[in-house]
Amino acid sequence: MNKLAATVIGGILLAASPAIAAQSSGAPVREGFLSIGGPRVLEPRATLRIPIRCSVECRSTARAKLKLPGSDIAPSKARGHLAPGKPRNLIVKLNDYALEVLREQSQLSRLRVSVKATSDRSGDQVRAVKVFRFTAPE
C-alpha cells in the first residue's frame, strides 16, 4: 500500500521538547549508556517526538516502525550524533492516510523504536528498543 507512509525527518533533531504524552511518563528504556524516553502511551498525531539520550558522546542509528492492523510500515532510519547527557528527539512524521488509520485503530497500533549507539571514545555498542502504544482519540 503506497498510501501508508511514515518517515523519520531530519534524523535525530536538536529540539528537546517532550514527547506528546497521553498519560504519565513511563520509565525510559535503558541499555548501557543509551536511553529511549517518553511516555508508554502516545496520542495519535501527525508528528511524534521520541527523546533519545546517551550518557557519553556517541553516534546513533534509530529506526521507527509503525505497526498498524493489517499492515506494517517499513522502518525509517535516522542517524545522528548525541552529546553526553543532552537528549535529542527522533521525529516521526505520518502522512494523512497513515494518521487516519492510526486514529481509527489506535488501540491495535504500535510504534517500535530501536536505537543502536556507538561510543565515540571506547567504540562500545549498545542497542535499546521501546514499543509505544496509542490512546483512542477523544
Side-chain angles (χ1 to χ4, degrees):
M1 288 182 120
N2 288 349
K3 288 185 178 182
L4 288 177
T7 57
V8 177
I9 62 161
I12 298 173
L13 300 178
L14 284 172
S17 60
I20 308 224
Q23 296 179 354
S24 63
S25 280
V29 171
R30 297 181 198 276
E31 186 61 43
F33 52 83
L34 173 67
S35 66
I36 303 172
R40 285 182 233 144
V41 181
L42 302 173
E43 290 180 24
R45 299 218 178 187
T47 302
L48 304 170
R49 291 172 175 81
I50 310 299
I52 299 170
R53 186 179 75 79
C54 276
S55 59
V56 299
E57 193 153 340
C58 68
R59 293 178 316 267
S60 64
T61 302
R63 293 176 192 258
K65 183 176 186 176
L66 183 61
K67 301 174 92 32
L68 299 171
S71 63
D72 291 346
I73 296 175
S76 296
K77 189 188 319 186
R79 293 189 174 142
H81 183 268
L82 298 172
K86 298 195 180 193
R88 295 177 81 182
N89 282 335
L90 174 68
I91 307 294
V92 180
K93 283 200 145 225
L94 306 177
N95 70 15
D96 292 339
Y97 185 76
L99 182 58
E100 180 182 326
V101 171
L102 178 60
R103 285 183 174 154
E104 289 173 0
Q105 300 182 15
S106 59
Q107 297 294 324
L108 302 173
S109 302
R110 303 287 183 264
L111 177 68
R112 182 181 187 272
V113 174
S114 69
V115 181
K116 178 179 92 172
T118 304
S119 169
D120 286 354
R121 174 169 255 170
S122 68
D124 291 344
Q125 287 188 350
V126 293
R127 293 175 194 260
V129 175
K130 187 168 183 175
V131 178
F132 298 89
R133 294 176 295 139
F134 292 93
T135 62
E138 296 177 11

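Atom set for the values below is all heavy atoms of this structure, side chains included, hydrogens, waters and symmetry mates excluded. These figures come from a predicted structure and were not determined experimentally.
- Contact check for L82 versus F33: no side-chain heavy atoms found under the 4.5 Å cut-off.
- In terms of the side-chain contact (heavy atoms from CB on, under 4.5 Å) criterion, residue partners of V29 (sequence neighbours excluded) are, by chain and number, A128, K130.
- Taken to the nearest 0.5 Å, the CG atom of L102 stands 11.5 Å off from the CD atom of E43.
- Between R133 and V41, the closest heavy-atom pair is NH2-CG2, 3.2 Å.
- At distances below 3.5 Å, at least one donor-acceptor pair connects side-chain atoms of S106 with backbone N or O atoms of T135.
- Here the CZ atom belonging to R103 is positioned 8.5 Å from the CZ atom belonging to R45, to the nearest 0.5 angstrom.
- L48 has its side chain within reach of F134: a pair of non-hydrogen atoms, C-beta onward, lies under 4.5 Å apart.
- Tested against S114, the residues V131, I36, V129 include a single side-chain contact (heavy atoms from CB on, under 4.5 Å) partner, V129.
- In this structure, P87 and I52 have side chains that are not in contact, with every pair of non-hydrogen atoms separated by 4.5 Å or more.
- Here NZ of K65 is found 14.0 Å from NZ of K77. Values are rounded to the nearest 0.5 Å.
- Among residue pairs with one or both ends in residues 105-126, those qualifying as salt bridge (Lys or Arg N to Asp or Glu O under 4.0 Å) are R59-D120; sequence neighbours excluded.
- Considering every non-hydrogen atom in both L42 and P39, the closest pair reads CD2-CG, 3.7 Å.
- Within the structure, disulfide bond (SG atoms under 2.5 Å apart) contacts touching residues 40-89 (residues at least two apart or in different chains) are C54-C58.
- Across all their heavy atoms, P44 and L99 have their closest contact at C-CD1, 4.0 Å.
- The two residues L108 and P69 come nearest to each other via the heavy atoms CB-CG, 3.4 Å.
- The backbone N or O of I91 lies less than 3.5 Å from no partner atom in the side chain of N89, so there is not a single donor-acceptor pair.
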Side chain to side chain contact (heavy atoms under 4.5 Å, CB included) between I50 and L111, intermediate numbers included: CA-CA 10 Å; I50 310 299; L111 177 68; 4.2 Å; yes
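- Here CZ of R30 is found 9.0 Å from OG of S55. Values are rounded to the nearest 0.5 Å.
- Every residue meeting the side-chain contact (heavy atoms from CB on, under 4.5 Å) condition with P84, not counting sequence neighbours, appears here in chain and number order: E57.
- Judged as a salt bridge (Lys or Arg N to Asp or Glu O under 4.0 Å), and not counting sequence neighbours, K86 has no contacts.
- Residues passing the side-chain contact (heavy atoms from CB on, under 4.5 Å) test with E104, sequence neighbours excluded: E100.
- The shortest non-hydrogen separation linking A78 to L90 is CB-CD1, 4.0 Å.
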